[in-house]
K.L.:
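Quick one: this structure, given as structure tokens, is what I'll be asking you about.
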Number of protein chains: 2
Amino acid sequence: MTRRAAGSGAGKRRGYHHGDLRRALLAAALRLLETEGPRALTLRAVARRAGVSQAAPYRHFADKQALLAAVAEEGFRAMTEAMRRATTEHPDNPLGRLHALGLAYVGFASGHPSHFRVMFGREIADRSAYPSLGAAAQEAFALLLEAIADCQRAGFVRPGDLEELALSAWSIVHGLSALLVDSQLHGLQEKGQEHLAQTVTQILFLGLGPRQP
Amino acid sequence: MTRRAAGSGAGKRRGYHHGDLRRALLAAALRLLETEGPRALTLRAVARRAGVSQAAPYRHFADKQALLAAVAEEGFRAMTEAMRRATTEHPDNPLGRLHALGLAYVGFASGHPSHFRVMFGREIADRSAYPSLGAAAQEAFALLLEAIADCQRAGFVRPGDLEELALSAWSIVHGLSALLVDSQLHGLQEKGQEHLAQTVTQILFLGLGPRQP
DNA sequence: ATCTAATGTTTACGATGTCAACAACAAAGT
DNA sequence: ACTTTGTTGTTGACATCGTAAACATTAGAT
């Protein structure tokens with residue numbers, strides 16, 4: 001039984017070879033992650049979902065970790081994209097841009113919790129083994145740095161070590177995201193992710209801002 | 001071969017029964033976690049470490065998750081304890097107390113990264129199945145709430161919804177902790193955890209504080 | 001001393017990550 | 001056109017894992 005795609009109408013499986021298994025595996029992995037959760041994300045299940053045999057993924061990924069790393073990298077790209085989109089709505093207002101960045105970060109996290117967890121979680125043991133992962137993450141951080149630098153120039157943010165200010169901003173949105181994603185906020189959760197993000201970024205801005213008269 | 005502890009000099013295994021397996025299992029789990037990392041934390045390895053058979057843990061924990069939940073709960077207790085200790089050094093200064101709380105939080109995270117990850121990570125799928133876990137976590141949060149309320153009364157923190165202010169504080173220290181623990185800070189890491197914690201809490205205080213003249 | 005509940009042990013099953021040996025195809029050289 | 005060769009999938013196997021069932025040993029109550 002050579003397991004050809006039954007209909008093949010949607011151009012799914014043309015024959016013995018898949019055509020674009022790598023992409024299909026990534027898609028299947030992400031789908032599994034979002035629908036069944038991280039525990040269901042097994043290499044064999046991914047292969048099943050993609051309609052190939054259990055060992056097929058090894059032609060495209062060294063091991064499970066490598067698959068996960070690729071999924072995470074995709075996540076960072078998507079998040080960066082979402083953040084970039086958010087900033088374009090405030091072409092002339094640096095502080096609005098920074099605000100939008102923070103909201104987009106939290107929004108992505110609570111919109112794609114499983115993806116977010118793979119991006120930052122410990123399933124990937126040695127991140128340094130996947131340099132392109134780090135690069136993708138760095139890109140998101142770069143957006144933040146840029147936005148804060150703009151705010152400094154415009155006088156919305158006090159002078160000081162740019163990286164340290166950015167770290168504070170990153171920490172607060174990342175912390176809220178992590179707490180939301182791990183549903184650690186029982187009582188507060190019901191106030192709505194959006195409202196909490198507003199509250200938290202508000203405090204952040206007061207902290208970053210110059211002395212008020 | 002009935003597998004009695006060879007020397008039994010240290011009172012480890014007195015006979016067929018262990019005496020305090022539950023505690024021994026928790027200790028073994030924690031040890032494995034800190035020395036070999038989360039991937040090495042398998043039920044069988046824990047049992048091996050404790051010198052019992054693979055199925056013995058099931059007499060004390062329903063399944064692996066329950067063991068993990070117990071480890072996490074222990075972690076929350078330890079963290080709460082560390083935080084409480086930190087506050088006692090500032091009996092008369094609410095702001096100093098809040099500051100110490102934050103530093104203790106970050107300190108615990110970077111001092112026990114694996115433990116911290118179990119406490120907040122998603123290895124425990126359904127946290128609501130372990131109410132005492134939530135209770136232990138709540139206790140740490142209560143410390144924060146109390147400290148911030150004190151600061152409000154003393155005029156160090158602006159008036160406003162206590163829970164939302166606390167969430168901001170929690171978010172920023174938790175975010176920094178998570179980023180540190182997941183070694184996501186490549187360049188910044190070398191500035192030292194202590195310094196970063198100082199920086200971040202500084203920004204937080206400026207944000208929480210009343211309008212400055 | 002005997003009975004009983006608690007605590008450990010053996011053995012077994014299905015699922016998983018991964019590897020080695022094999023099979024089918026695509027592209028390139030002749 | 002025919003062969004060669006490298007790429008991509010498949011099969012089958014192995015060790016390990018979580019977990020359950022059946023059994024053994026012990027501590028404590030009676």
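In the text below, chain A, chain B and the rest are named by the order of the sequence lines, each starting its count at 1. Just so you know, these numbers come straight off a predicted model, no measurement behind them.
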K.L.:
Can you tell me if the side-chain N/O atoms of B:Arg48 get under 4.0 Å from OP1 or OP2 in C:dT9?
P.N.:
no
K.L.:
Rounded to whole Å, how long is the line connecting atom OH of B:Tyr58 with atom P of C:dT11?
P.N.:
18 Å
K.L.:
Roughly how many Å is it from CG in A:Leu25 to C1' in D:dG9, rounded to a whole number?
P.N.:
11 Å
K.L.:
Between B:His60 (NE2) and C:dA5 (P), how many Å, whole number?
P.N.:
18 Å
K.L.:
Between C:dT16, C:dC19, D:dG9, which one does the side chain of A:Leu21 approach most closely?
P.N.:
D:dG9
K.L.:
Please compare A:Gln54 and B:Leu41 by the position of their nearest nucleotide in DNA chain D and report the one closer to 5'.
P.N.:
A:Gln54
K.L.:
Distance check needed: D:dT16 C1' versus B:Glu36 CD, whole Å only.
P.N.:
16 Å
K.L.:
Given atom CG of B:Leu43 and atom P of D:dT19, what is their separation to the nearest angstrom?
P.N.:
6 Å
K.L.:
Look up atom CD in A:Gln202 and atom OG in B:Ser168, then write down how far apart they are to the nearest 0.5 Å.
P.N.:
9.5 Å
K.L.:
For residues 162-189 of chain B, which residue pairs qualify under salt bridge (charged side-chain N to carboxylate O under 4.0 Å, His left out), counting only residues two or more places apart or in two chains?
P.N.:
A:Lys191-B:Glu164, B:Arg117-B:Asp182
K.L.:
From C:dT18, D:dG18, C:dT16, pick the nucleotide closest to the side chain of B:Lys64?
P.N.:
D:dG18
K.L.:
Provide, to the nearest angstrom, the distance between the CD atom belonging to B:Glu123 and the P atom belonging to D:dC17.
P.N.:
17 Å
K.L.:
Does a nitrogen or oxygen in the side chain of A:Thr42 sit under 4.0 Å from OP1 or OP2 of C:dG17?
P.N.:
yes
K.L.:
If you assign B:Ala56 and A:Asp63 each to the DNA chain C nucleotide with the nearest heavy atom, which residue ends up on the more 5' nucleotide?
P.N.:
B:Ala56
K.L.:
Looking at B:Glu81 and B:Arg77, is any side-chain nitrogen of the basic one under 4.0 Å from a carboxylate oxygen of the acidic one?
P.N.:
no
K.L.:
A:Tyr105 vs A:Phe116 aromatic rings, parallel, tilted or perpendicular, using cut-offs 30° and 60°?
P.N.:
perpendicular
K.L.:
May I ask you to say what B:Ser53 touches in the nucleic acid, namely base, sugar-phosphate or nothing, with a heavy-atom cut-off under 4.0 Å?
P.N.:
base
K.L.:
Looking at A:Arg39, I'd like to know whether one of its side-chain N or O atoms comes within less than 4.0 Å of OP1 or OP2 on D:dG18.
P.N.:
no
K.L.:
Kindly point out which of D:dT10, D:dG18, C:dG17 is positioned nearest to the side chain of A:Arg44?
P.N.:
C:dG17
K.L.:
For the pair made of CG in A:Leu67 and P in C:dT16, what is the distance, rounded to whole Å?
P.N.:
15 Å
K.L.:
Side chain to side chain contact (heavy atoms under 4.5 Å, CB included) with A:Ala104: which residues, sequence neighbours excluded?
P.N.:
A:Met83, A:Ala86
K.L.:
What's the CG-P distance between B:Leu68 and D:dT19, to the nearest Å?
P.N.:
10 Å
K.L.:
Closest to the B:Arg59 side chain: C:dG8, C:dT18, D:dG18?
P.N.:
C:dG8
